[in-house]
Amino acid sequence: MHSAIDDWIADLLDETTTARTSEAFQRWLNVQSRFHDYSARNALLISLQCPDATHVAGYRTWQTEFDRQVSEGESAIWIWAPITANVCPACGDPKASHDDDCESDGVPSTEWPTELRSFKPVPVFDVSQTTGEPLPSLTTETYGDASGLVSVLCAAAEPLGLDVTLVSPSEWSHGAARGVCTFTRGQRPNIEVRQRPNEADMATTLVHEFAHGLLHADRTSLPERSLREVEAEAVAYLVGRQFGLDVCNSAFYLAAWAGEEVESVLERLNRIRSVTASILGAVDDTVGGSQRVR
């Protein structure tokens, strides 16, 4: 089994490298680079006011950068923006209140260093609050014949120590996410997956969230999020390959999270192998191995 997994991991790395150089990925990357990386404080403010926010920008930025318009009646998300000023290297005063008698150490005001002076509240809006030119997206769905696989995986969740719920689209509360895994102290990891016609993609979403539940329940020693997503999607890819699904679009997902560090898949191979074996073993125990596609 290890030999097959190693071959499939090699395929995934090749596909991810190819995906990163594709025109579609470069268009997506270009748009992503135009969004701010918010501080932890502002990220928390955004999540508190709009839990499902994915892409946030100011009113004018949506118009000028992305050709989108904030919809009428939408409420702003308020964050803190820094106020900076060029300050005199000699006395520390900003130019607006600078004493003309200060010689400024001979440094012209155009070369004064910039200093953070304060913060001010500013309004921003999530893409879901706007209409207009669509943002480029990456196709990351799985395809293929997954007849019965979703129900088998749901049954396999019990011996894995996971709780699973399939949620109808009308009751889904997690925005554009296809699945989530949440952790509550003293309870089993809780997995929710949005129901949709594409059962193959539902199956790999389940496996992706299974991997989070099995690998990332210890909240005291978590790897950074990009590595968590690399691990989970690599497991989804491997289990999908085992069941004969078309999982090539996992390469776009990994390219988005791994960036230049595609080789991080190899660095975490033992963890990926281990949880893949656990999931496949639980499936075997559930169906007696009779439905395994090899």
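When reading the values below, keep in mind they use all heavy atoms of this one structure, side chains included, and skip hydrogens, waters and symmetry mates.
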Side chain to side chain contact (heavy atoms under 4.5 Å, CB included) between L269 and D6: does it pass, once the steps are laid out?
CA-CA 9 Å; L269 184 55; D6 289 347; 3.7 Å; yes
Residue pair T16, E233: steps toward the side chain to side chain contact (heavy atoms under 4.5 Å, CB included) verdict:
CA-CA 12 Å; T16 302; E233 191 61 18; over 6 Å; no
Got a donor-acceptor contact below 3.5 angstrom from the [X] side chain to the [Y] backbone?
X: S22; Y: T18; value: no
X: R196; Y: R194; value: yes
X: T165; Y: E192; value: no

For residues [X] and [Y], determine if any side-chain heavy atom of one lies less than 4.5 Å from a side-chain heavy atom of the other.
X: H216; Y: R225; answer: no
X: V150; Y: V193; answer: no
X: L12; Y: R241; answer: no
X: S168; Y: Q195; answer: yes
X: V235; Y: V207; answer: yes
X: Q242; Y: T276; answer: no
X: T142; Y: Y237; answer: no
X: V124; Y: Y38; answer: yes

Is it true that [X] and [Y] fall in one hydrophobic cluster, defined by side-chain heavy atoms closer than 4.5 Å?
X: W172; Y: L206; value: no
X: I272; Y: L227; value: no
X: I9; Y: V239; value: yes
X: L149; Y: L162; value: yes
X: V247; Y: L138; value: no

Which pair of heavy atoms, one from [X] and one from [Y], lies closest together, and at what distance?
X: A19; Y: F25; value: O-CB, 3.1 Å
X: A217; Y: F183; value: CA-CE2, 3.4 Å
X: E224; Y: S226; value: OE2-OG, 3.0 Å
X: L245; Y: G144; value: CD2-C, 4.1 Å
X: P51; Y: L48; value: CD-O, 4.5 Å
X: L116; Y: S118; value: CD1-O, 3.5 Å

Which one of N198, N249, T204 satisfies the side chain to side chain donor-acceptor pair (under 3.5 Å) criterion with E141?
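Single pass found, and it is N198.
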Looking only at side chains, do H212 and E231 share a donor and an acceptor under 3.5 Å apart?
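H212 vs E231: no donor-acceptor pair found between side chains.
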Is the charged tip of R68 near the ring of F125: under 6.0 Å from the six-membered ring centre and within 45° of its axis?
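Output no; distance or angle outside limits.
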Do the two ring centres, one from F66 and one from H55, sit under 6.0 Å apart?
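So the answer is no for these two rings.
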Kindly determine whether M202 and L166 satisfy side chain to side chain contact (heavy atoms under 4.5 Å, CB included), including the steps that lead there.
CA-CA 9 Å; M202 283 182 64; L166 302 181; 4.1 Å; yes
Does N30 have more than 12 heavy atoms from other residues, nucleotides or ligands lying within 6.0 Å of its CG?
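Atom CG in N30 is packed in, count exceeds 12.
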Just do the side chain to side chain contact (heavy atoms under 4.5 Å, CB included) check on I191 and F210 with the steps written out, would you?
CA-CA 7 Å; I191 291 164; F210 281 14; 3.4 Å; yes
Mind listing the side-chain donor-acceptor pairs of residues 75-86 below 3.5 Å, one per line with the distance, residues two or more places apart or on another chain?
from, atom 1, to, atom 2, distance (Å)
N86, ND2, W112, O, 3.1
N86, ND2, T114, OG1, 3.2

Are R178 and E209 close enough, and set up right, to give a salt bridge (Lys or Arg N to Asp or Glu O under 4.0 Å), and what steps lead you there?
CA-CA 10 Å; R178 289 176 284 184; E209 302 306 333; over 6 Å; no
